Asks: 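Below is one structure. I have some questions about it.
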Amino acid sequence: MRKVVSMLSRVQNLTSEMRLVAILVVTLFCAPMILHAAKAPDFSLPDLEGKQVKLSDLLKRGPVIIDFWATWCKPCIRAFPDLQKLYEKYQDRGLTVVAISVDSPRTQVRVAPFIKSKKYSFVVLLDKDGRVARQYNAVIIPRTLLIDQHGETVFATVGYHPSNHEKLEKALIPILPSSSEGDDEKVE
Amino acid sequence: MRRWSDLPGFALALTAILALMCKPLLAYQVDSRGIVILEGFVNTDEQAIVIDGRLDFEIDAGPLTLGGAYRTYDFGNGRYNPAGIQPFSGLKHRYIELSKSDLTLRAGHFFATFGKGLSLRSFEDIELEHDTWLDGILASYESNTLAISILGGKEVEEVSRFQHIEHKVRSGWLEGHLGEMVRLAASALERTSRKYDDRQALPESLSTFQDRIYGFEASLKVGWLGLLGDYARRFGDLYATGARDAQGYGAYASATIETDAISLLCEYKNYKAFSHDLSSPPICVKEHLWTLMNRVTHEVNYNDERGFLAEGMIPLGNWFISGGASEARSHEGGLRHWEMFAHIENSETFLGFRSLAGSWSREYFAGRFSEYQNGAVEFKASPLERTTEIDIEAQRVEEPDGHSFFNYLLGITCYLDPNFTVSWVSERTTDHSEGRNVWMMGSVRITLPQDLEVSLAGGTERGGKKCSGGICYNEPEFAGFRIKVAKFF
């Protein structure tokens, strides 16, 4: 405690640090006011079979949950069983769950065996150079977003929490298309 | 010399030109997105305050994207420098990109990865302070059957406080798909690297290095079988060791088998005189998800190493079992590393038990070795509808001189509320060579509306090696308080 008090007493010497804090606080609160939220950027990425999957095609069927993850990310892997349950529960009503792996070329080879052995059936895409992750600000993972059929982000979260899937489900139910609409437009 | 009175006219002309150029873009909706991360560290041991802030942004207007990253980092008295970089304040990245259908043109900072990263992998990992983005021009075309990239740019590698190396790169990549099963690719890359020293002028003959890399990659996917081979040959100087005209190569191969009953992964590596700041080949070593195991991850010597990794994964209802082994040798046959590991996990938890993992490894250096035996167990319980996770890890370390000691880690995370998480991590060691032998850190994470995250931590945290995605760095020991605020928009 004495060390803390001694250090805080030098606060008058920390002008450069305080200046930086001021700049950042202003940025933190002003940037979101100036820059308005964007529509979810469209992307096309290869799945585990090498086929290109486009977000705009998936949105024709219904809302899409996008989850950025990696094989070396423990909290990401912890969230998968809940995402699988959500997918199984609402896939018939148009929901698509897309897990985008940000594994680098160094670890990408582990993605397919991991997904197959865990028997996850949601869509898995490979973003090997992190291009799409940057577009979605997924610099911290897991990063999970719920996109409605109009391409608007209606829910977003970062990090793992056991109740994340409950929040996702709460946000998802109002934007699900009716069963008949969901069946009309199937993704090819 | 330009007079100040000329400036308003110049600014007016520039604005008019920009307005005319941007007029066609007014037909498009302007979208923007970004993230602000602000971190503050108060290190009581070192009497130091560190401020680290970053703003990443992108603004879209039709086919045009304007983006960048602003960073400010200051470590005060210099005794505690968690990022390991010099104080910095300014634009770290800035770029403009034009995307039209399958074509992308980008000027400014860019990243690029060719195949498995043997010939080129320019990327940024914010958490690990790794940034090899190039500054130049990138043109790429990508369709379902063909991908072409051509790029030219430079990257600055900080070697020390006074020295840096400037890498100039010209490169191309061509990739074609033959049906749905076969993919072939080729790359060519030319680099010129020059070392600079702020204290003295280095002679050009000693400070300039040039090399060329030609690579080829092929992959095949047939049902449950996946095969991949990547080979690159390097000609010219090896700046990492100073060797002139040192030819080298990098070879990587992998085989995967994915069935309902079992998944198998085998990887092979062979690297000789192949290290470079802009290359990032696969490591063929298991990167464990547990702290103590991860801390002893083998680091690859890209100038002289060959080896393999084999891993099997078996699902049994709610249970999941995996295990494997890796080995690495020098080209003379000397052992550098071996490891065996196993993991059993229950996806739902069984009487509170979630997973158990163990590993046994040796790292060799100059004919002697360090040995590590690791164990980790995880529990999960939900008393009063509040989930609590407990991680317990233990590690026995035997050093080359025969001296041995134990490390222990206990981690507890309580999810008290959907927006409030409390964590506690404590570590203990029986090694007396460090200043401390007990570390304890408590933290809270608060999720606020509007995609705002705040985390506060206080206590002591042990330093050590941390590896993620094939990159390792040494985290310094920490004692004090830290705050992190992240706002997405």
Side-chain angles (χ1 to χ4, degrees), chain A residues 3-4 6-7 14 16-17 20-21 23-25 27-29 31-32 34-39 41 49-52 70 72-74 77 81 102-110 112-114 116-119 128-131 134-137 139-140 156-159 161-164 166-167, chain B residues 31-36 38 42 44 47 49 51 53 55-58 60 72 74 76 89 111-113 115-117 121 123 126 144 180 183 221 226 228 254 256 258 263-265 267 280 282-283 287 289 313-315 320 347 387 415 418 421 445 447 451 453 468-470 485-489:
Chain A
K3 284 179 182 174
V4 177
S6 147
M7 208 159 39
L14 298 171
S16 64
E17 284 90 343
L20 293 173
V21 170
I23 291 167
L24 284 161
V25 168
T27 313
L28 188 71
F29 291 101
I34 299 162
L35 303 168
H36 299 287
K39 276 197 166 186
E49 307 299 321
K51 291 176 190 156
Q52 290 288 323
W72 42 262
C73 166
K74 204 172 174 181
I77 292 165
V102 296
D103 277 272
S104 70
R106 279 182 165 178
T107 53
Q108 206 181 60
V109 71
R110 297 171 207 290
F114 172 80
K116 185 77 179 176
S117 62
K118 293 269 187 174
K119 298 188 184 297
K128 69 172 182 178
D129 58 8
R131 182 173 48 88
R134 283 201 165 263
Q135 286 182 314
Y136 281 81
N137 293 324
V139 293
I140 305 167
T157 187
V158 66
H161 195 289
S163 69
N164 275 355
E166 290 165 14
K167 292 182 193 172
Chain B
D31 284 327
S32 60
R33 55 189 169 269
I35 176 173
V36 185
L38 172 61
V42 179
T44 50
Q47 301 261 309
I49 293 178
I51 305 285
L55 163 71
D56 282 78
F57 65 92
E58 277 198 343
D60 290 335
T72 182
D74 196 337
S89 194
F111 51 90
T113 299
K116 284 285 162 191
R121 186 175 170 229
F123 69 106
I126 293 171
N144 283 333
E180 290 187 350
R183 188 177 60 85
K221 179 86 178 162
L228 184 141
S254 71
T256 53
E258 299 149 25
S263 288
L264 292 172
L265 161 67
E267 288 182 286
S280 180
I283 53 173
E287 272 183 356
L289 304 178
M313 289 156 255
I314 302 169
F320 174 80
S347 60
T387 304
Y415 301 94
T421 305
R445 186 168 76 98
T447 305
D451 225 356
E453 290 276 329
S468 172
V485 181
K487 165 75 186 159
F488 299 81
F489 57 88

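Here the structure is a predicted model, which means the values were calculated and not measured. Numbered from 1 within each chain, the chains take letters A, B, ... in sequence-line order. Keep in mind that the numbers below use all heavy atoms, side chains included, and drop hydrogens, waters and symmetry copies.
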Asks: Using every non-hydrogen atom in the two residues, find where Ser280(B) and Phe123(B) come nearest and quote the distance to one decimal.
Replies: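 It is OG-CE2, 4.1 Å.
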
Asks: Only pairs of heavy atoms separated by less than 4.5 Å count here; which of Lys119(A), Lys118(A), Lys128(A) has the most with chain B?
Replies: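 Counting heavy-atom pairs under 4.5 Å, the top option is Lys118(A).
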
Asks: Does Asn164(A) use its side chain to pair, donor to acceptor, with the backbone of Gly159(A) at less than 3.5 Å?
Replies: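 Between the backbone of Gly159(A) and the side chain of Asn164(A) there is a qualifying donor-acceptor contact (under 3.5 Å).
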
Asks: For the candidates Ala112(B), Gly115(B), Ser347(B), which exhibits the highest count of non-hydrogen atom pairs separated by less than 4.5 Å from chain A?
Replies: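 Highest number of heavy-atom pairs under 4.5 Å: Gly115(B).
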
Asks: At what distance, to the nearest 0.5 angstrom, does CZ of Arg106(A) lie from NZ of Lys116(B)?
Replies: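 Those atoms lie 12.0 Å apart.
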
Asks: Of the backbone (N, CA, C, O) and the side chain (C-beta and beyond), which part of Phe111(B) lies under 4.5 Å from a heavy atom of chain A, both, or neither?
Replies: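 Phe111(B) touches chain A through side-chain heavy atoms alone.
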
Asks: So, for Phe489(B) and Ile35(B), which heavy atoms are closest and what is the spacing to 0.1 Å?
Replies: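 Distance-wise, the nearest heavy atoms are CE2-N, 3.7 Å.
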
Asks: Quick one: which of Glu49(A), Glu166(A), Arg110(A), His161(A) has the most heavy-atom pairs under 4.5 Å with chain B, could you say?
Replies: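 Result: the option with the highest number of such pairs is His161(A).
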
Asks: Could you tell me which portion of Leu265(B) (side chain, backbone, both or neither) has an atom closer than 4.5 angstrom to a non-hydrogen atom of chain A?
Replies: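 Side chain only.
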
Asks: Tell me which of these, Arg183(B), Arg445(B), Glu180(B), Glu58(B), has more heavy-atom pairs under 4.5 Å with chain A than the rest.
Replies: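 With the most close heavy-atom pairs to chain A, the winner is Arg445(B).
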
Asks: Under 3.5 Å, is there a donor-acceptor pair between the side chain of Lys167(A) and the main chain of Thr157(A)?
Replies: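 Not a single qualifying donor-acceptor pair exists.
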
Asks: Can you give me the closest heavy-atom contact between Ser254(B) and Val109(A), atom names plus distance?
Replies: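 Closest approach of Ser254(B) to Val109(A), heavy atoms only: OG-CG2, 3.5 Å.
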
Asks: Below 4.5 Å from any heavy atom of chain B, which atoms of Ala112(A) appear? Answer side chain, backbone, both or neither.
Replies: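 For Ala112(A), backbone and side chain are both near chain B.
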
Asks: If you round to the nearest 0.5 Å, how far is CG of Leu55(B) from OG1 of Thr72(B)?
Replies: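 Rounded to the nearest 0.5 Å, the OG1-CG separation comes out at 11.5 Å.
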
Asks: Checking heavy atoms, do the side chain of Val139(A), its backbone, both or neither come under 4.5 Å from chain B?
Replies: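 Side chain only.
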
Asks: If I measure from the heavy atoms of chain B, does Asp103(A) come under 4.5 Å with its side chain, its backbone, both, or neither?
Replies: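 Answer is neither: Asp103(A) stays 4.5 Å or more from chain B.
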
Asks: Tell me, for Glu258(B) versus chain A, whether the close heavy atoms (under 4.5 Å) come from the side chain, the backbone, both or neither.
Replies: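 Both parts, backbone and side chain.
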
Asks: Identify which part of Lys221(B) has an atom lying under 4.5 Å from any heavy atom of chain A, answering side chain, backbone, both or neither.
Replies: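 Just the side chain, heavy atoms under 4.5 Å.
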
Asks: Has Arg33(B) got a side-chain atom pairing as donor or acceptor with Gln135(A)'s backbone, closer than 3.5 angstrom?
Replies: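 Between the backbone of Gln135(A) and the side chain of Arg33(B) there is a qualifying donor-acceptor contact (under 3.5 Å).
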
Asks: Go through the atoms of Ser163(A) and report whether side chain, backbone, both or neither lie under 4.5 Å from a heavy atom of chain B.
Replies: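 Contact with chain B is through the side chain of Ser163(A) alone.
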
